[in-house]
Amino acid sequence: CSTFIYYDLRFPELFQIASKEADIIIVPANWPRNREEHWNTLLRARAIENQCYILGINCVGNIGGQDYNGCSCCISPQGTILGMKREMPGCLCIELNQDVKKIREQFPVKEDRQWDFYAKWYKKE
């Protein structure tokens, strides 16, 4: 398992590094209702591109004048939303398959990453 905060969803490189070892990445959040589509899209993207489970845990209610609708969810390595809790506090219980290794073996996309090549583009002259 690995954990990042909600703002980190916008930086996929962090998830690539963590998913070298992690089968599950947990993302606790204060993600406001008015950006719900971003929340759901970024969580699904991180699950698919890293072939791991993503657990998004978001607050709900009005906090400091900001409205939060929850949308806590569990997303499979294929990007399927396995469960979501919206609009009220509570627990979401999902039984996860231990299938990350199998999924990665069947479609070894991570093996095609060219870390050395990418690093050249990030080096400052």
Closest heavy-atom contact between [X] and [Y]?
| X | Y | answer |
| --- | --- | --- |
| Lys110 | Ser19 | NZ-OG, 2.6 Å |
| Cys71 | Asn40 | CB-OD1, 4.3 Å |
| Ala22 | Cys52 | O-CB, 4.1 Å |
| Ala47 | Ser76 | CB-O, 3.3 Å |

Count I, L, V, M, F, W, Y as connected when their side-chain heavy atoms are under 4.5 Å apart, and connections chain through other members. Are [X] and [Y] then in the same cluster?
| X | Y | value |
| --- | --- | --- |
| Ile24 | Leu14 | no |
| Ile63 | Ile57 | no |
| Leu82 | Ile26 | yes |
| Phe15 | Leu55 | no |
| Leu42 | Ile54 | yes |

(request) Carefully, step by step, assess Met88 and Val60 under the rule side chain to side chain contact (heavy atoms under 4.5 Å, CB included). (result) CA-CA 6 Å; Met88 64 180 71; Val60 65; 5.6 Å; no
Side-chain contact test, heavy atoms from C-beta onward, threshold under 4.5 Å: evaluate it for [X] versus [Y] and give yes or no.
| X | Y | value |
| --- | --- | --- |
| Tyr53 | Ile25 | no |
| Arg33 | Glu87 | yes |
| Met84 | Ser72 | no |
| Arg86 | Cys73 | no |
| Trp39 | Tyr6 | yes |
| Ile94 | Leu96 | yes |
| Cys1 | Asp23 | no |

(message) Could you check whether Arg44 pairs with Glu49 (Lys NZ or Arg NE/NH1/NH2 to Asp/Glu carboxylate O, under 4.0 Å)?
(response) no
Spatial distance of atom [atom1] ([X]) from atom [atom2] ([Y]) [nearest 0.5 Å]:
| X | Y | atom1 | atom2 | result |
| --- | --- | --- | --- | --- |
| Glu36 | Asn58 | CD | CG | 9.0 Å |
| Lys20 | Arg113 | NZ | CZ | 10.0 Å |
| Gln114 | Asp116 | CD | CG | 8.0 Å |

(message) side-chain hydrogen bond (donor to acceptor under 3.5 Å, both in side chains) for Thr80 and Gln78? Distances and angles first, verdict last.
(response) CA-CA 6 Å; Thr80 304; Gln78 295 89 357; 5.3 Å; no
Closer than 3.5 angstrom, by distance alone: can the side chain of [X] be matched with the main-chain N or O of [Y] as a donor-acceptor pair?
| X | Y | value |
| --- | --- | --- |
| Arg104 | Asn50 | yes |
| Gln51 | Phe107 | yes |
| Asp8 | Ile5 | yes |
| Thr41 | His38 | no |
| Asn62 | Gly65 | yes |

(request) Establish, yes or no, whether a centroid distance under 6.0 Å links the rings of Tyr7 and Phe11. (result) yes
(request) Could you verify whether a donor N or O on one side chain and an acceptor N or O on the other, from Tyr68 and Asn34, lie under 3.5 Å apart? (result) no
(message) Can you confirm whether more than 12 heavy atoms, excluding those of Glu37, are under 6.0 Å from its CD atom?
(response) no
